Amino acid sequence: DSGVTQTPKHLITATGQRVTLRCSPRSGDLSVYWYQQSLDQGLQFLIQYYNGEERAKGNILERFSAQQFPDLHSELNLSSLELGDSALYFCASSPKGGYGYTFGSGTRLTVV
Amino acid sequence: GNSVTQMEGPVTLSEEAFLTINCTYTATGYPSLFWYVQYPGEGLQLLLKATKADDKGSNKGFEATYRKETTSFHLEKGSVQVSDSAVYFCALFPFSGGSNYKLTFGKGTLLTVNP
């Protein structure tokens with residue numbers, strides 16, 4: 001157990017639907033990062049939150065949004081889902097200062 | 001911007017063979033460098049790291065040396081095992097940090113070790 005918890009582990013949904021992925025960071029870590037892993041694009045950075053505030057944005061689609069709550073857990077919301085959104089979504093956390101990532105085991109999203 | 005280029009896979013080896021996976025990077029300043037490993041069905045785990053030039057990271061028989069002159073961080077293992085079959089990612093963490101704390105990853109190299 002890495003200390004970063006992601007739920008659910010697997011998710012199957014239809015095109016056009018909306019889903020929410022959840023991440024609980026390792027105890028004491030203030031930063032949360034979301035990554036998308038697909039076969040053709042590799043590991044793509046989506047977004048980072050630090051202590052509740054958005055800190056950096058990567059290749060995140062407008063249909064996707066995220067937030068970090070006061071208890072530091074984070075949610076990634078994916079809407080108007082398309083077949084191409086099928087991927088593994090990873091959350092990682094790190095302490096203040098950003099060094100020392102710990103990854104969760106991921107959520108596998110399948111859009112049918 | 002920062003980028004990481006690692007050798008294309010897949011790489012298939014026999015048990016006890018020597019492994020090299022090449023990784024080069026582009027970055028300003030003095031980034032920290034990492035190798036992560038992803039076993040089938042699992043998340044990414046940190047394998048080893050190096051934070052400054054000429055540092056050698058090592059773990060589980062794997063080694064990589066931070067070469068600033070060639071901007072490289074090649075992963076090596078003298079004798080691979082079947083259990084080393086996984087996807088290996090080279091990654092870079094910017095020196096400056098600031099508001100941009102994200103790791104930049106290479107595309108990953110799939111290693112398969114046959115008995």
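Here the structure is a predicted model, which means the values were calculated and not measured. Order of the sequence lines sets the chain letters (A, B, ...), proteins ahead of strands, with each chain counted from 1.
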Inset, instruction - Dump the intermediate steps for salt bridge (Lys or Arg N to Asp or Glu O under 4.0 Å) on A/Asp85 and A/Arg63, then the final yes or no. - result: CA-CA 10 Å; A/Asp85 298 327; A/Arg63 300 183 285 109; 2.8 Å; yes
Inset, instruction - Could you tell me which of A/Gly104, A/Gly58, A/Ser105 has the largest number of non-hydrogen atom pairs under 4.5 Å with chain B? - result: A/Ser105
Legend entry - Reported CE-to-SG distance for the pair B/Met7 and B/Cys90, which is rounded to 0.5 angstrom: 12.5 Å
Legend entry - Donor + acceptor pair across side chains of B/Ser72, B/Arg67 (<3.5 Å): no
Legend entry - B/Lys77 with B/Glu63: basic N within carboxylate O range, under 4.0 Å: no
Inset, instruction - Determine whether A/Glu75 and A/Phe69 make a side-chain contact, defined as any pair of heavy atoms from C-beta on separated by less than 4.5 Å. - result: yes
Legend entry - Side chain, backbone, both or neither of B/Leu46 within contact of chain A (heavy atoms, under 4.5 Å): neither
Inset, instruction - Is it possible for you to check whether B/Lys68 lies under 6.0 Å from the centre of the six-membered ring of B/Tyr30, through NZ or CZ, and within 45° of that ring's axis? - result: yes
Inset, instruction - Using the six-membered ring wherever Trp is involved, compare the ring planes of B/Tyr66 and B/Tyr25 and label them parallel, tilted or perpendicular (cut-offs 30° and 60°). - result: perpendicular
Inset, instruction - Could you look at B/Gln45 and say if it's the side chain, the backbone, both or neither that has a heavy atom under 4.5 Å from chain A? - result: neither
Legend entry - Among B/Phe62, B/Phe73, B/Tyr36, the one residue meeting ring-ring contact (aromatic ring centres under 6.0 Å, His included) with B/Tyr88: B/Phe62
Inset, instruction - Can you check whether anything in residues 105-112 of chain B gets within less than 4.5 Å of chain A, heavy-atom wise, and list it by number? - result: B/Phe105, B/Lys107
Inset, instruction - With a 4.5 angstrom heavy-atom cut-off, could you sort out which part of A/Gln44 is near chain B: side chain, backbone, both or neither? - result: neither
